4 protein chains.
Amino acid sequence: MTKIVALALQIVPGDARPIFRQIVDGIREDIANGKLPVGSKLPSVRGLAMQLTVNANTIAKAYNELVCQGLLESHKGLGMFIAKPTQLLSDEAQENCLKAAIASFNNAVMYLDYSAEEMTEQLLNELKKLNRD
Amino acid sequence: MTKIVALALQIVPGDARPIFRQIVDGIREDIANGKLPVGSKLPSVRGLAMQLTVNANTIAKAYNELVCQGLLESHKGLGMFIAKPTQLLSDEAQENCLKAAIASFNNAVMYLDYSAEEMTEQLLNELKKLNRD
Amino acid sequence: MTKIVALALQIVPGDARPIFRQIVDGIREDIANGKLPVGSKLPSVRGLAMQLTVNANTIAKAYNELVCQGLLESHKGLGMFIAKPTQLLSDEAQENCLKAAIASFNNAVMYLDYSAEEMTEQLLNELKKLNRD
Amino acid sequence: MTKIVALALQIVPGDARPIFRQIVDGIREDIANGKLPVGSKLPSVRGLAMQLTVNANTIAKAYNELVCQGLLESHKGLGMFIAKPTQLLSDEAQENCLKAAIASFNNAVMYLDYSAEEMTEQLLNELKKLNRD
DNA sequence: GTGGTCTAGACCACT
DNA sequence: GTGGTCTAGACCACA
């Protein structure tokens with residue numbers, strides 16, 4: 001039987017990201033954390049919309065993006081479920097993805113008064129925290 | 001005499017970022033690289049607009065953002081120049097900036113088949129490369 | 001629930017400042033006065049443009065500058081909101097800001113028949129009035 | 001006989017003000033300081049343009065503004081001279097001028113982490129420095 | 001409905 | 001020539 005989970009998502013008003021993106025990111029994290037194991041059933045679009053007091057279209061958009069990313073599966077009449085992980089990206093695509101992420105990070109922090117070592121250490125800590133949870 | 005530089009910027013239509021942001025990011029990199037030393041004169045708003053075949057207002061918007069970030073100085077009738085680097089952001093703002101960059105990086109690479117150590121090592125290399133150039 | 005405020009801004013055609021700056025300054029004052037408490041929703045870009053009979057782009061430019069200054073938060077599809085106040089500027093930047101303001105004040109009042117003490121006293125009163133409101 | 005003065009003006013590239021304004025402000029200060037007593041002859045437009053390595057039109061514009069302000073007198077064929085001070089502003093105009101200066105100062109420093117007392121003290125010091133020199 | 005981006009073109013201020 | 005401001009109007013992204 002599939003476990004029905006309750007999401008602990010938080011919509012932060014001060015966050016620069018649009019709401020649907022906060023939801024996407026939050027669910028991605030929970031999957032990576034293991035809080036949402038494969039096969040778990042997610043709250044319904046309307047239910048989550050009520051819980052977060054946002055528009056149902058916004059939830060639908062977030063779920064839709066996660067389906068596109070291969071992280072969710074929509075089972076008609078049953079709901080949304082965490083999909084079995086399948087690595088969709090080729091090695092080359094992964095490499096490009098990492099490079100893009102590095103370039104973006106670089107550009108964001110390039111003029112801050114932190115040493116390269118300080119920043120990578122903080123990043124490493126966060127990365128490990130994700131895997132551990 | 002101030003050196004007049006030619007930018008090697010490329011606008012990629014398929015890029016998720018808007019045009020003006022691609023320009024901002026590109027110039028930020030070139031300054032960090034040392035390709036644009038302090039005092040250099042940038043291409044004129046209209047000139048760069050022609051070169052990149054975008055509207056002059058778009059260039060002006062990008063230049064304006066860089067002025068806000070303290071990287072450029074604008075002088076009516078003379079042009080745009082690379083400013084002497086100073087830290088405009090408070091410690092708190094810098095911290096937030098780093099955290100946002102880490103969260104964003106995290107989210108982008110979360111499902112790649114790289115270990116946390118591999119990724120941070122590559123990142124560290126890139127960060128050091130910037131400082132060295 | 002967020003309060004929706006009506007701005008009492010006035011655009012003065014004869015003013016030396018450009019329109020967008022008059023708007024920026026006016027909103028800054030209203031925030032400092034406490035007329036616009038944290039979380040308030042501002043008039044929409046198009047709505048304020050109609051009210052002031054200026055182009056929507058001009059309003060957008062003013063709002064954008066206030067976002068850069070950390071006084072506003074923008075949320076696509078929702079509107080513009082008064083942000084929680086934080087100090088974005090480094091100590092050095094703040095010092096420069098004060099020095100520039102002093103130099104500018106100096107230059108403006110240099111030939112008036114007021115003593116230095118009279119002027120600073122009036123200024124102090126105004127500064128305190130702001131904090132009190 | 002009229003004394004011929006050499007201006008110690010400095011054009012600062014990093015200054016936000018346009019060049020002609022830096023010249024206007026600089027001369028105003030020197031007059032207020034007493035470095036340029038009434039009747040002094042100023043450098044010629046072309047001469048000062050050479051000295052500062054700026055366009056002669058820029059100097060002419062600055063001189064012209066100072067004539068409008070009543071601080072300089074142009075004697076055809078002889079040159080520009082420091083005018084006898086005449087208070088052109090009515091009491092009401094002076095009051096408005098001071099109020100505008102205060103409002104502008106206020107708006108500029110409103111969000112800095114300085115107390116009202118700190119700021120007015122620094123301002124007072126600067127004002128006194130001008131009168132003393 | 002909200003804000004964000006971009007274009008085209010005008011006019012102004014400064015050098 | 002330089003940058004800055006403003007308008008008018010189109011199209012996109014988000015809720």
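All values derive from a computational prediction rather than experimental measurement. Proteins get letters first, then strands, A, B, ... in listed order; numbering begins at 1 in each.
Within 4.0 Å (heavy atoms only), Val54(D) reaches no atom of the nucleic acid at all. Contact annotation for Asn57(D): no contact, since no heavy-atom pair falls under 4.0 Å across all strands.
Comparing dG3(F), dT5(F), dG4(E) against the side chain of Lys76(C) picks out dG4(E) as the nearest.
Distance, Leu72(C) CG to dG4(E) P: 10 Å, rounded to whole Å. Regarding Arg17(B), its CZ atom lies at a distance of 17 Å from the C1' atom of dG4(E), rounded to whole Å. Between Met50(C) atom CE and dA8(F) atom C1' the separation is 15 Å, expressed in whole Å. The separation between Met80(B) atom CE and dT15(E) atom P is 15 Å, rounded to whole Å. Leu48(C) has its CG atom 17 Å from the C1' atom of dG4(E), to the nearest Å. For the pair Leu66(C) CG and dG3(E) P, the computed distance is 14 Å after rounding to whole Å.
One N or O donor and one acceptor, one from the side chain of Arg46(C) and one from the base of dG3(E), sit under 3.5 Å apart. The base of dG3(E) does not come close enough to the side chain of Asn64(C) for any donor and acceptor atom to sit less than 3.5 Å apart.
Base pairing of dG1(E) is made with dC14(F), judged by Watson-Crick or G-U wobble geometry with both donor-acceptor distances under 3.5 Å. Under the Watson-Crick or G-U wobble criterion, with both distances below 3.5 Å, dT7(E) is paired with dA8(F).
Checking the phosphate oxygens (OP1, OP2) of dG1(F), no side-chain nitrogen or oxygen of Ser44(B) falls inside 4.0 Å. The side chain of Lys61(B) places no N or O atom within less than 4.0 Å of a non-bridging phosphate oxygen (OP1 or OP2) of dC6(E). Dashed line: the shortest gap from a side-chain N or O of Thr58(C) to OP1 or OP2 of dT7(F) is under 4.0 Å.
Place Asn55(D) and Ile19(B) on DNA chain E by their nearest nucleotides, and Ile19(B) ends up nearer the 5' end. In terms of position along DNA chain F, the nucleotide closest to Leu78(B) lies nearer the 5' end than the nucleotide closest to the other residue of the pair Leu78(B) and Pro18(A). Projected onto DNA chain E by closest heavy-atom contact, Arg21(B) and His75(C) fall at different nucleotides, the more 5' of which corresponds to His75(C). Each of Ser74(B) and Thr53(C) lies near DNA chain F, and the nucleotide nearest Ser74(B) is the one positioned closer to the 5' end.
Among Asn64(C), Ile19(C), Leu42(C), Val54(C), the one residue that satisfies the side-chain contact (heavy atoms from CB on, under 4.5 Å) test with Ile59(C) is Val54(C).
The environment of Arg17(C) atom CZ is dense: over 12 non-hydrogen atoms of other residues, nucleotides or ligands sit within 6.0 angstrom.
For the pair Thr58(A) and Lys61(A), the minimum side-chain heavy-atom distance is 4.5 Å or more.
Rounded to the nearest 0.5 angstrom, Ile102(C) CD1 and Asn107(C) CG are separated by 13.5 Å.
Between the side chain of Tyr63(C) and the backbone N or O of Leu72(C) there is no donor-acceptor pair closer than 3.5 Å.
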